[in-house]
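All heavy atoms count here, side chains included; hydrogens, waters and symmetry mates do not. In what follows, every chain begins at residue 1, and chains take the letters A, B, ... in the order their sequences are listed.
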There are 2 protein chains.
Amino acid sequence: MLGRNYGQGYLLTRNIAQKENIPKKFLEQILLELKHARFVNSKQGVGGGYYLIKKPKDISVADVYRLFDGAIALVPCVSLNFYEKCDDCKNEKECLLHDEFIKIREGARVVMSKTTIQSFLQHDKKRKK
Amino acid sequence: MLGRNYGQGYLLTRNIAQKENIPKKFLEQILLELKHARFVNSKQGVGGGYYLIKKPKDISVADVYRLFDGAIALVPCVSLNFYEKCDDCKNEKECLLHDEFIKIREGARVVMSKTTIQSFLQHDKKRKK
DNA sequence: TATATTGTCTACTTATTTGATAGAATTTAT
DNA sequence: ATAAATTCTATCAAATAAGTAGACAATATA
């Protein structure tokens, strides 16, 4: 909804909640998190609400996934954005899993980065025809 | 270790635990789950232990991931092996996320299916040179 | 400036999952 | 018979997920 409404003013939490069938209070928290991550902005008071700051084509599924679910990698030791050293594994260079898990991360990362809010909206448009 | 030992008899939980730095009791449960899923087989008593049933090339990361972590898809409504209908979403056909999420699932699924125990072993071999 | 409207923030709840731990029971080779 | 293994069931503590609740702050406008 925020994507479809891009550049067209404020959307009320109440309206999004109703239309998308999400508990209002729950949605508020999600929107707040999106605001802190600078994907959306908001205004309080009468005539306020939320709107998308970034262009739909500049918000990827990877971005949103990282915000709410964290690392795309299956193990922290091959994560780009959430790297952590393994506890069990003694040395990363010698680990036989490491390089293959990087390939898997790349498979997931690439497709999740290519897919954006814009992708969803384009798809939506095609359906409507 | 089970992969490297393929076709060469039984491995003791005790030895795997020690070498791979995994609590023995925890490893036991993992091996048991692998047995129930028919990836490994075991024998009790003296001279017993665990061994891989399937060929290393026939066990993919996708297989193991599904066993321990469940669906590869980001949302159940596009999952091949763990399909569930959305609660929120009214009709799947009209959902603008659906087809794009299938593409994402395919990106992840393909790379996870291509990577097998054999891939890790080959990598291991190369390293040793 | 009072008021209704709307977002902000913090705390809490309930259920599930994760990463184990513990111990008794069972099987098997010798 | 016995020692060595796996098998099974129960339990636990900590973290996470999904959502609820309510006080608080900002803002337009009448």
Next item on the list: For side chain to side chain contact (heavy atoms under 4.5 Å, CB included), just list the numbers for B:L74 and A:M112, CA-CA rounded to whole Å, side-chain angles, deciding distance to a tenth of an Å, and then say yes or no.
Entry: CA-CA 10 Å; B:L74 297 184; A:M112 286 174 77; 4.0 Å; yes

Notebook entry, point to check: Side-chain N or O of A:S42 less than 4.0 angstrom from OP1 or OP2 on C:dG7?
Noted result: no

Item checked: First of A:F68 and B:T13 reached from the 5' end of DNA chain D, by closest nucleotide -> B:T13

Checklist line | Partners meeting side-chain hydrogen bond (donor to acceptor under 3.5 Å, both in side chains) with A:R109 (sequence neighbours left out) | finding: A:E106

Check: Pick from B:N41, B:L12, B:L32, B:L34: which one makes a side chain to side chain contact (heavy atoms under 4.5 Å, CB included) with B:Y50?
Finding: B:L32

Next item on the list: Rounded to the nearest angstrom, tell me the gap between atom CG in B:L31 and atom C1' in D:dA5.
Entry: 13 Å

Checklist line | Separation of atom CG in B:D69 from atom P in C:dT17, rounded to whole Å | finding: 12 Å

I'd like a table of atom pairs between the protein and nucleotides 26-30 of chain C - only N or O on both sides, under 3.5 Å - with the distance next to each one.
residue	atom	partner	partner atom	Å
C:dT26	O2	B:Q44	NE2	3.1
C:dT27	O4'	B:Q44	NE2	2.3

Next item on the list: Would you please indicate if the ring centroids of B:F120 and A:F101 are separated by under 6.0 Å?
Entry: yes

Next item on the list: Measure from the side-chain N and O atoms of B:N15 to the backbone N and O of B:K19, and report whether any donor-acceptor pair falls under 3.5 Å.
Entry: no

Notebook entry, point to check: Within less than 4.0 Å of OP1 or OP2 of D:dT7, is there a side-chain N or O belonging to B:K35?
Noted result: yes

Checklist line | Length of the CG-P vector between A:L34 and C:dG7, whole Å | finding: 14 Å

Notebook entry, point to check: Is the backbone N or O of B:V111 less than 3.5 Å from a side-chain atom of B:T115, with the two atoms forming a donor-acceptor pair by type?
Noted result: yes

Notebook entry, point to check: Expressed in angstrom and rounded to an integer, what is the separation of B:F26 atom CZ from C:dG23 atom C1'?
Noted result: 18 Å

Check: For every nucleotide of nucleotides 9-15 of chain C, 5' to 3': is a protein heavy atom under 4.0 Å from its base (B), only from its sugar-phosphate (S), or from neither (-)?
Finding: B-B----

Check: Over how many whole Å does the gap from A:E33 atom CD to D:dG19 atom P extend?
Finding: 14 Å

Notebook entry, point to check: Out of C:dG7, C:dA20, D:dA5, which nucleotide sits closest to the side chain of B:L12?
Noted result: D:dA5

Next item on the list: Using whole Å, report how far OH of B:Y10 lies from P of D:dT6.
Entry: 11 Å

Next item on the list: Mark yes when over 12 heavy atoms from residues, nucleotides or ligands other than A:K114 sit less than 6.0 Å from its NZ; otherwise mark no.
Entry: no

Notebook entry, point to check: Rounded to whole angstroms, how far apart are CG on A:L27 and C1' on C:dT8?
Noted result: 14 Å

Checklist line | Between C1' of D:dG22 and NZ of A:K24, the distance in whole Å | finding: 12 Å

Margin query: Is it the case that atom CD in A:E33 sees more than 12 heavy atoms from other parts of the structure closer than 6.0 Å?
Written below: yes

Notebook entry, point to check: Would a distance-only check, ignoring hydrogens and angles, find a side-chain to backbone donor-acceptor pair under 3.5 Å from A:R105 to A:V78?
Noted result: yes

